Amino acid sequence: MKMRRSLAVLCVLMLIAGVFAGCGGAGSSKRIVRIGHNQSTAHPSHIALEAFADYINNSELGEKYEVQVYPSELLGSQNEMVQLTQTGAIDFVIASNAIMETFSKNYSIFNLPFLFSSAEAYHAAMDDPSLTDPIFLATEDAGFRTVTWLDAGTRNFYTVDKPIEKPEDLKGLKIRVQQSPTNIAMMNAFGGSATPMGFGEVYTALQSNIIDGAENNEMALTDNGHGDVCKHYSYDMHQMVPDLLLGNVAFLNGLPEEEYAVFEEGFKLINKVQREEWTKAVENAKNKAQNEMGVNFYYPDTAPFQEACMPIHDSVVKGNAILEDIYAKITAYNEQYRAVAE
């Protein structure tokens, strides 16, 4: 498996190198800007990236740049595409916040379970540069930085054989989690058996009973077909983890100021379009999962889940001055939007 994956990555690199070699040849002087992600062409993130591509390609920069979007892991797995963005083999990638812990511990705060009290508090916090900049810019030495965030909704458990209505229901179950130490700690706190793996491997693992379930948003049921196998979806709402658009630092820093300003407007467009499309997509996904795929939805009391994993907050935040400050700001947003709701 590792050899096949390595060969696939090598082929991708050769393909990219070939295209780079061709893009400066006769008939074309445009700089190709490549963006990779692991979702389908129907996903809100892909729709937003296509809006960005149209914006740049049809702007005053269109004679100099051509943005190309590669969905569905065409350029490799998410981890591999992050590495390609580091080196500049591709220019941008959408990555889950979960995998970013390996590059900077600052990102671990957004992986904390029950960090946000509501979607409103989550959005307000993520839109606050004073809160996000210490995180988003922390990986510049690694060769990339986050240029905007994308909504990935709430993460909930879905299983093949039985619903999850309390933490004890997870005992003995192998649950796929994203590849981050915080997510593994969360599953241990719930009593389940954490099984980290890449997103592209999850469907086959569910189908072959390698794992008993996974945790993700509603789109995974429909857009990725997990609802074909898993018929129980439980809204414990344990996480609101953003997806991130990472850009290669050398490319970004090499843009003249006036060109960077156009790209920056494009990044804002991605955020706007994706969040609008996300709201519609979640509603459609839930309707399809329930009425066409036969998925049952459950609404357990979230308090026992919160109680089980709150000690993780201290273990991640305490002693880190940057994260302590960010955590305090998030707490303030939680209180603000809790007061508004009341």
Side-chain angles (χ1 to χ4, degrees), residues 1-2 5 38 77-80 82 95-116 152-221 224 226-227 229-244 298 300 302-318 323:
M1 180 66 75
K2 288 183 178 178
R5 174 62 75 180
N38 66 353
S77 71
Q78 194 171 97
N79 280 325
E80 290 160 353
V82 170
S96 171
N97 183 84
I99 69 172
M100 299 303 293
E101 284 187 48
T102 57
F103 297 98
S104 170
K105 290 183 178 179
N106 289 1
Y107 279 95
S108 62
I109 193 168
F110 291 146
N111 294 331
L112 287 175
F114 301 104
L115 177 64
F116 299 104
T154 61
R155 298 186 73 87
N156 306 283
F157 290 111
Y158 52 94
T159 47
V160 177
D161 293 324
K162 70 172 187 177
I164 305 302
E165 299 187 274
K166 53 188 182 300
E168 291 79 9
D169 292 335
L170 289 160
K171 187 175 182 180
L173 297 187
K174 298 185 293 295
I175 304 294
R176 181 265 176 175
V177 297
Q178 293 177 295
Q179 296 157 300
S180 88
T182 303
N183 284 6
I184 294 170
M186 176 186 71
M187 278 307 306
N188 291 340
F190 288 146
S193 176
T195 308
M197 66 173 63
F199 188 59
E201 304 170 54
V202 177
Y203 184 90
T204 302
L206 289 167
Q207 197 174 42
S208 57
N209 295 316
I210 293 173
I211 55 176
D212 301 298
E215 49 84 45
N216 211 321
N217 57 61
E218 300 90 338
M219 293 285 289
L221 297 174
N224 305 99
H226 297 179
V229 186
C230 295
K231 302 303 179 182
H232 306 284
Y233 190 94
S234 301
Y235 278 106
D236 70 297
M237 298 186 289
H238 53 264
Q239 283 174 314
M240 297 179 191
V241 182
D243 284 341
L244 309 167
Y298 305 86
T302 62
F305 291 91
Q306 293 186 50
E307 185 178 350
C309 59
M310 287 308 288
I312 300 172
H313 285 223
D314 273 351
S315 68
V316 168
V317 174
K318 197 170 183 180
L323 295 190

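This one's a predicted model, so the numbers in the text were calculated from it and none came from an experiment. Position 1 is the first residue of the sequence, and the numbers go up from there.
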Practice problem: Would you mind reporting whether Q178 and N97 have side-chain heavy atoms less than 4.5 Å apart? | Solution: no
Quiz item: Going from CZ on F114 to CG on D236, what distance comes out if it is rounded to the nearest 0.5 angstrom?
Solution: 5.5 Å
Quiz prompt | Other residues, nucleotides, ligands: >12 heavy atoms within 6.0 Å of K105 NZ | solution = no
Practice problem: Quick one: closest heavy-atom pair of M187 and A194, and the distance? | Solution: CB-CB, 3.6 Å
Practice problem: Could you give me the CA-CA distance, side-chain angles and deciding distance for N156 and M237, then say whether side chain to side chain contact (heavy atoms under 4.5 Å, CB included) is met? | Solution: CA-CA 5 Å; N156 306 283; M237 298 186 289; 3.4 Å; yes
Practice problem: In sequence, state the C-alpha distance, the side-chain angles, and the governing distance for K162 and L173, and then conclude on side chain to side chain contact (heavy atoms under 4.5 Å, CB included). | Solution: CA-CA 10 Å; K162 70 172 187 177; L173 297 187; 3.9 Å; yes
Quiz item: Does some side-chain heavy atom of F199 sit less than 4.5 Å from a side-chain heavy atom of N224?
Solution: yes
Exercise. Report yes or no: does K231 contribute a side-chain atom to a donor-acceptor pair with the main-chain N or O of V160 at less than 3.5 Å?
Key: no
Which donor-acceptor pairs under 3.5 Å do the side chains of residues 202-212 make with protein atoms, sequence neighbours left out?
residue : atom : partner : partner atom : Å
S208    : OG   : T204    : O            : 2.7
D212    : OD2  : K174    : N            : 2.7

Self-check item: Check: P304 main-chain N/O paired with E307 side-chain donor or acceptor under 3.5 Å
Solution: no
Practice problem: Please check if the side chain of T159 supplies one atom and the backbone of D161 the other of a donor-acceptor pair under 3.5 Å. | Solution: no
Exercise. For side chain to side chain contact (heavy atoms under 4.5 Å, CB included), just list the numbers for I312 and L112, CA-CA rounded to whole Å, side-chain angles, deciding distance to a tenth of an Å, and then say yes or no.
Key: CA-CA 7 Å; I312 300 172; L112 287 175; 3.8 Å; yes
Practice problem: Flag the pair V241 / S96 as yes when at least one side-chain heavy-atom distance between them is below 4.5 Å, and no otherwise. | Solution: yes
Quiz prompt | Residue pair Q239 / N183, side-chain donor-acceptor N/O under 3.5 Å | solution = yes
Quiz item: Taking the side chain as C-beta and beyond, is there a heavy-atom pair between F157 and Y298 under 4.5 Å?
Solution: no
Exercise. Under the side chain to side chain contact (heavy atoms under 4.5 Å, CB included) rule, what do R176 and N216 come out as? Steps first, then yes or no, please.
Key: CA-CA 9 Å; R176 181 265 176 175; N216 211 321; 4.3 Å; yes
Quiz item: salt bridge (charged side-chain N to carboxylate O under 4.0 Å, His left out) with E215: which residues, sequence neighbours excluded?
Solution: R155
Quiz prompt | Donor on one side chain, acceptor on other, H232 and Y158, under 3.5 Å | solution = no
Quiz item: With a 4.5 Å limit on heavy-atom distance, are the side chains of N106 and L323 in contact?
Solution: yes
Exercise. Kindly give the heavy-atom pair with the smallest separation between F305 and F190, and that separation in Å.
Key: O-CE2, 3.2 Å
Quiz item: Does a donor on one side chain and an acceptor on the other come within less than 3.5 Å for E101 and S180?
Solution: yes
Quiz item: Would you say the side chains of Y235 and E218 form a donor-acceptor pair under 3.5 Å?
Solution: yes
Quiz item: Do P196 and I184 come close enough that some side-chain heavy atom pair is under 4.5 Å?
Solution: yes
Quiz item: Would a 4.5 Å heavy-atom cut-off, applied to side chains only, mark V82 and I99 as touching?
Solution: yes
Practice problem: Output the distance between atom SG (C309) and atom NE2 (H238), rounded to the nearest 0.5 Å. | Solution: 9.0 Å
Self-check item: Side-chain heavy atoms of P300 within contact of K166, under 4.5 Å
Solution: no
Quiz item: Between N217 (side chain) and A152 (backbone), is there a donor-acceptor pair under 3.5 Å?
Solution: yes
